[in-house]
Amino acid sequence: QVQLVESGGGLVQPGGSLRLSCTASGLTFSTYAMSWYRQVPGKERELVASITGTGGSKNYADSVKGRFTISRDNAKNTVYLQMTSLKPEDTAVYYCNTKVVFRNYWGQGTQVTVSS
């Protein structure tokens, strides 16, 4: 059974930084692309960033380019999202995601709040 567990969310002031982590189990981690999504109440979940299994290719939403960095450590079965220059509009629940055999798996989510 694939499980994803996020950590690292919290309250941060505008302009601050946070690093989210997502540790996976139940899959051959290095085989699968990993993604971070976020969701605000009343809105659809949106893709923030994704990374291939080897880490050789990364993609970002336009709204976070230049501020967020996705990375992974395949030895630790963990994917990270380094967030810098945070803005109030980055406030959301952030979810880790992977797709295995056409099925989407999600973590429980971690709240990120950007506020002074």
Side-chain angles (χ1 to χ4, degrees):
Q1 179 74 1
V2 176
Q3 289 190 317
L4 304 174
V5 179
E6 301 105 335
S7 61
L11 173 65
V12 63
Q13 292 187 342
S17 300
L18 278 176
R19 189 178 80 156
L20 306 183
S21 300
C22 170
T23 300
S25 60
L27 75 170
T28 304
F29 185 71
S30 61
T31 302
Y32 297 98
M34 300 294 298
S35 299
W36 286 98
Y37 285 73
R38 65 187 181 188
Q39 189 169 25
V40 174
K43 293 190 176 181
E44 289 191 1
R45 199 167 291 189
E46 66 167 345
L47 178 64
V48 174
S50 59
I51 186 169
T52 55
T54 62
S57 181
K58 305 174 186 182
N59 287 289
Y60 298 93
D62 287 344
S63 58
V64 307
K65 279 181 183 175
R67 300 189 298 120
F68 290 11
T69 303
I70 190 170
S71 62
R72 64 191 297 158
D73 184 340
N74 286 345
K76 295 183 179 180
N77 280 17
T78 300
V79 61
Y80 304 98
L81 186 67
Q82 179 68 50
M83 305 184 292
T84 64
S85 301
L86 282 160
K87 305 175 182 180
E89 51 264 44
D90 295 318
T91 295
V93 178
Y94 285 71
Y95 296 92
C96 181
N97 166 270
T98 192
K99 185 178 289 186
V100 178
V101 195
F102 308 112
R103 177 179 171 179
N104 271 305
Y105 290 90
W106 300 92
Q108 82 283 1
T110 186
Q111 176 71 46
V112 172
T113 302
V114 184
S115 175
S116 55

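- With values rounded to the nearest 0.5 angstrom, Gln82 atom CD is found 9.5 Å from Ser21 atom OG.
- Going from atom CG of Asn104 over to atom OH of Tyr95 covers 13.5 Å, rounded to the nearest 0.5 Å.
- Across all non-hydrogen atoms, the minimal contact from Thr113 to Gln111 is OG1-NE2, 3.3 Å.
- Under the 4.5 Å side-chain heavy-atom criterion for grouping Ile, Leu, Val, Met, Phe, Trp and Tyr, Tyr32 is connected to Leu81 within one hydrophobic cluster.
- Counting only distance, with no hydrogens or angles, the side chain of Asn97 and the backbone of Met34 share no donor-acceptor pair below 3.5 Å.
- Heavy atoms only, all atoms of each residue included: Val93 and Gly109 are closest at CG1-CA, 3.8 Å.
- Closest non-hydrogen pair, Gly53 versus Asn74, comes out as O-ND2, 2.9 Å.
- Gln108 places a side-chain N or O within 3.5 Å of a backbone atom of Glu6 that can act as its donor or acceptor partner.
- Between the side chains of Thr84 and Ser17, not a single donor N or O lies within less than 3.5 Å of an accepting N or O.
- The CG atom of Leu20 sits 11.0 Å away from the CZ atom of Arg38 when rounded to the nearest 0.5 Å.
- In terms of hydrophobic clustering, with Ile, Leu, Val, Met, Phe, Trp and Tyr side chains grouped at heavy-atom distances under 4.5 Å, Ile51 and Val100 are assigned to a common cluster.
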### Task
Show the numbers, then the answer: is there a side chain to side chain contact (heavy atoms under 4.5 Å, CB included) between Asn77 and Ser25?
CA-CA 7 Å; Asn77 280 17; Ser25 60; 5.6 Å; no

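- One hydrophobic cluster, built from ILVMFWY side chains closer than 4.5 Å, cannot hold both Trp106 and Val101; they sit in different ones.
- Judged by distance alone, the side chain of Lys58 and the main-chain N or O of Ile70 form a donor-acceptor pair under 3.5 Å.
- With respect to Asp90 and Lys87, no salt bridge is recorded, no charged nitrogen being found less than 4.0 Å from a carboxylate O.
- If you take OH on Tyr80 and OG1 on Thr23, they are separated by 7.0 Å, rounding to the nearest 0.5 Å.
- A continuous path of Ile, Leu, Val, Met, Phe, Trp and Tyr side chains, each step under 4.5 Å between heavy atoms, connects Leu18 with Tyr60, placing both in one hydrophobic cluster.
- Counting non-hydrogen atoms of neighbouring residues, nucleotides and ligands closer than 6.0 angstrom, the CD atom of Glu44 reaches no more than 12 such neighbours.
- The backbone N or O of Val114 lies less than 3.5 Å from a partner atom in the side chain of Thr91, making a donor-acceptor pair.
- Annotation for Val112 and Gly9: closest pair CG2-CA, 4.2 Å, computed over non-hydrogen atoms.
- Here the shortest heavy-atom pairing between Leu47 and Ala61 reads O-CB, 3.4 Å.
- Taken to the nearest 0.5 Å, the CH2 atom of Trp36 stands 13.0 Å off from the OG atom of Ser50.
- The minimum heavy-atom distance between Arg72 and Thr52, with the atom names listed, is NH1-O, 2.9 Å.
- Distance check, rounded to the nearest 0.5 Å: CZ of Arg67 to CG of Leu86 gives 6.5 Å.
- Taking the six-membered ring where tryptophan is involved, the planes of Tyr94 and Phe68 are tilted, since the angle between them lies from 30° to 60°.
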